[in-house]
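These figures come from a predicted structure and were not determined experimentally.
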Amino acid sequence: MKDFVIHDFESFLEIADSLKTPFKFIEVDEVENGVKLEAKVWLRSAYITYRDTFDLPDQETRFRKIESSLKNHGFVYASIEETPLVVR
């Protein structure tokens, strides 16, 4: 599976808005001194992704602004995990 990482947030939102899919996800993980945010759009055989890391509390306002914008554009929180494959 390919993961197309868009580095500009506004460009990412423009692309995500052009895709008619309910599969728009936000995942946030704690990292040293802050949080790592990943926003993903699932396209069956690929993802379109935006990634950013925020130092908290210094960048909390920026983090909340991006989080709010993603929610307004149809993204929901999810845990994205690999499904174990059982081979018989």
Worksheet item: Can Leu56 and Asn33 be said to form a side-chain contact (heavy atoms from CB on, under 4.5 Å), step by step?
Response: CA-CA 6 Å; Leu56 298 181; Asn33 299 326; over 6 Å; no

Just wondering, do Val28 and Ile26 contact through their side chains at under 4.5 Å, heavy atoms? yes

Could you check whether Lys40 makes a cation-pi contact with Tyr47, meaning its NZ or CZ is under 6.0 Å from the centre of the six-membered ring and within 45° of the ring axis? yes

Original post:
Under 4.5 Å between side-chain heavy atoms, hopping through other hydrophobics if needed: is there a path connecting Phe75 to Leu19?
Top reply: yes

*When clusters are formed by joining ILVMFWY residues with side-chain heavy atoms under 4.5 Å apart, either directly or through shared neighbours, do Tyr77 and Phe9 land in the same one?*
yes

**Prompt:** Tyr50 versus Leu70: any side-chain heavy-atom pair under 4.5 Å?
**Reply:** no

NE2 (His7) and OG1 (Thr49) are apart, to the nearest 0.5 Å, by 10.0 Å

Distance col, row Ser11:OG vs Ile15:CD1, nearest 0.5 angstrom, shows 6.0 Å

* pair Phe25-Val76: side-chain heavy atoms closer than 4.5 Å -> yes

(Q) Between Val41 and Val5, is there shared hydrophobic-cluster membership here, with clusters defined by ILVMFWY side-chain heavy atoms closer than 4.5 Å? (A) no

_Please tell me whether Ile6 and Leu43 are part of a single hydrophobic cluster in this structure, the criterion being side-chain heavy atoms less than 4.5 Å apart._
yes

Residue pairs meeting salt bridge (Lys or Arg N to Asp or Glu O under 4.0 Å), one or both in residues 49-66, sequence neighbours left out, come to Asp3-Arg51, Glu38-Arg51, Asp52-Arg62, Glu60-Arg64, Arg64-Glu67

In short, salt bridge (Lys or Arg N to Asp or Glu O under 4.0 Å) pairs touching residues 12-33 with sequence neighbours left out are none

Here the gap from Leu13 atom CG to Asn72 atom CG, rounded to the nearest 0.5 Å, amounts to 10.0 Å

Parallel, tilted or perpendicular, as decided by the 30° and 60° cut-offs, for the rings of Trp42 and Phe23
perpendicular

Shortest non-hydrogen pair, Ala46 vs Phe4, comes out as CB-CE1, 3.8 Å

